[in-house]
J.: 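One structure coming up, written as structure tokens, with questions to follow.
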Amino acid sequence: MEKIKISVGHLYPKQLNLYGDMGNIITLRKRCRWRGIDFEYVEINGEDRIPECDFYFIGGGQDREQVEVSKSLYKQKDFLTEQRDKGAVFLGICGGYQLLGHYYQPFEGERLNGVSLLDAYTVAGEKRFIGNVTARTGFLRPSTLVGFENHSGLTYIKGDTKPLAILTTGNGNNGYDNTEGAKFLNVFGTYLHGSLLPKNPHFADFLITLALEKRYEDEIELAPLDDKLEYIAHRAAVGKDY
Ligand code: GLN
């Protein structure tokens with residue numbers, strides 16, 4: 001019997017890979033392979049044409065890297081919108097998250113175009129938010145997500161785009177409206193570095209399931225893994241002081 005698989009497009013890892021965001025790819029790859037699911041991985045850099053994938057990942061980066069990436073990404077906005085509307089899963093972390101919205105206005109320099117997969121926009125704030133974050137989702141069990149934030153961008157979400165989670169500790173989207181991250185269809189953005197998925201295995205499996213269901217157009221239930229260690233790490237981080 002043919003092995004099931006997911007195809008994963010890693011967007012601009014040469015520029016956007018801050019604070020160990022590659023750990024998210026490693027987690028997705030391991031959690032697929034431990035279940036015998038093929039993990040077809042491709043990096044997209046520079047002016048590469050973005051291929052059709054089940055899952056796209058874009059990590060965080062400093063303003064200057066975001067300037068370069070936004071130019072390449074924006075040229076393929078229509079294709080990415082088509083992929084979103086076909087159910088592809090997107091996970092954007094921090095700087096990558098900001099570019100999944102309409103724009104990012106850094107402190108200095110021009111406004112960076114985003115690809116508007118999320119109804120959100122970001123403007124640079126005076127203060128840098130650096131510290132541990134715990135937030136509660138309404139769709140995961142356990143409900144908590146933990147991670148580490150380091151950004152000055154303030155993100156505001158609108159319309160049908162909803163918060164990914166509600167803060168327990170930390171500043172999240174903007175330090176004002178108590179929200180962290182954003183989601184619309186199968187597009188997810190978050191400020192949580194760490195990297196995010198090793199300590200949030202339930203979110204990793206949630207995303208893998210969405211990507212498989214998109215590819216096979218059927219309900220998928222993943223075999224459970226022994227996540228004792230992962231949840232010890234998760235619980236140790238829940239509520240960690242800022
Ligand atoms: N440069 C962006 C900001 O400071 C994103 C930073 C990041 O990806 N950690 O908000």
Side-chain angles (χ1 to χ4, degrees), residues 9-27 43-45 56-74 80 90-135 145-158 161 163-165 167 169-183 187-200 203 237 240 242:
H10 190 170
L11 300 173
Y12 312 102
K14 288 203 171 77
Q15 292 122 310
L16 297 183
N17 179 19
L18 267 189
Y19 313 121
D21 288 340
M22 188 66 184
N24 295 297
I25 293 289
I26 295 168
T27 302
E43 284 194 7
I44 294 98
N45 286 297
Y56 295 96
F57 176 77
I58 182 166
Q62 292 166 63
D63 289 14
R64 66 173 176 278
E65 280 93 2
Q66 287 176 279
V67 172
E68 295 158 33
V69 168
S70 68
K71 291 190 176 101
S72 310
L73 199 62
Y74 190 68
L80 291 169
F90 288 78
L91 177 61
I93 309 285
C94 204
Y97 163 33
Q98 295 169 342
L99 295 178
L100 294 182
H102 301 308
Y103 62 83
Y104 169 45
Q105 176 60 63
F107 236 11
E108 274 136 34
E110 66 198 37
R111 175 181 286 193
L112 308 185
N113 287 321
V115 288
S116 300
L117 302 186
L118 293 167
D119 190 358
Y121 64 92
T122 302
V123 292
E126 309 259 318
K127 196 167 159 259
R128 192 152 198 90
F129 295 144
I130 303 177
N132 294 296
V133 178
T134 301
L145 283 175
V146 293
F148 185 83
E149 65 182 331
N150 182 337
H151 60 103
S152 66
L154 306 174
T155 298
Y156 301 92
I157 57 182
K158 308 180 294 162
T161 293
L164 175 67
L167 286 171
T169 57
N171 289 279
N173 281 327
N174 49 54
Y176 169 71
D177 64 12
N178 211 30
T179 65
E180 155 48 29
K183 62 184 174 68
V187 181
F188 300 86
T190 177
Y191 274 110
L192 300 187
H193 291 284
S195 43
L196 170 71
L197 296 179
K199 286 200 290 285
N200 298 285
F203 192 33
K240 223 172 171 177
Y242 196 68

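Both backbone and side-chain heavy atoms feed into the values below; hydrogens, waters and symmetry mates do not. Every value quoted in this text rests on a predicted model; they were computed, and no experiment measured them. Note that ligands are numbered from 1 as they come in the structure, with each ligand's atoms numbered from 1 the same way.
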J.: Can we call the ring centroids of His151 and Phe129 under 6.0 Å apart?
T.: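 Aromatic pair counts; centres sit under 6.0 Å.
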
J.: Applying side-chain hydrogen bond (donor to acceptor under 3.5 Å, both in side chains), name anything that partners Thr155, two or more places apart in sequence or on another chain.
T.: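 In terms of side-chain hydrogen bond (donor to acceptor under 3.5 Å, both in side chains), with neighbours along the sequence ignored, Thr155 is linked to Thr122, Tyr191.
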
J.: Assess the residue pair Tyr97 and Asn173 against the criterion (side chain to side chain donor-acceptor pair (under 3.5 Å)); give the C-alpha distance rounded to whole Å, side-chain angles, the decisive distance to 0.1 Å, and a yes or no.
T.: CA-CA 10 Å; Tyr97 163 33; Asn173 281 327; 2.8 Å; yes

J.: Would you please write out the protein residues whose heavy atoms approach any atom of ligand 1 to under 4.0 angstrom, listed by chain and number?
T.: Leu18, Tyr19, Gly60, Gly61, Gln62, Asp63, Gln66, Cys94, Gly95, Gln98, Tyr104, Arg128, Asn150, His151, Ser152, Gly153, His193

J.: Given His10 and Phe57, is the ring pair (Phe, Tyr, Trp, His ring centres under 6.0 Å) satisfied, shown in steps?
T.: CA-CA 5 Å; His10 190 170; Phe57 176 77; 5.2 Å; yes

J.: When Leu99 is tested against each of Cys94, Ser116, Ser70 for side chain to side chain contact (heavy atoms under 4.5 Å, CB included), which residue passes?
T.: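 Among the candidates, only Ser70 passes.
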
J.: Given Asn24, which of Ile93, Asn17, Asn200 fulfils the side chain to side chain contact (heavy atoms under 4.5 Å, CB included) condition?
T.: Ile93

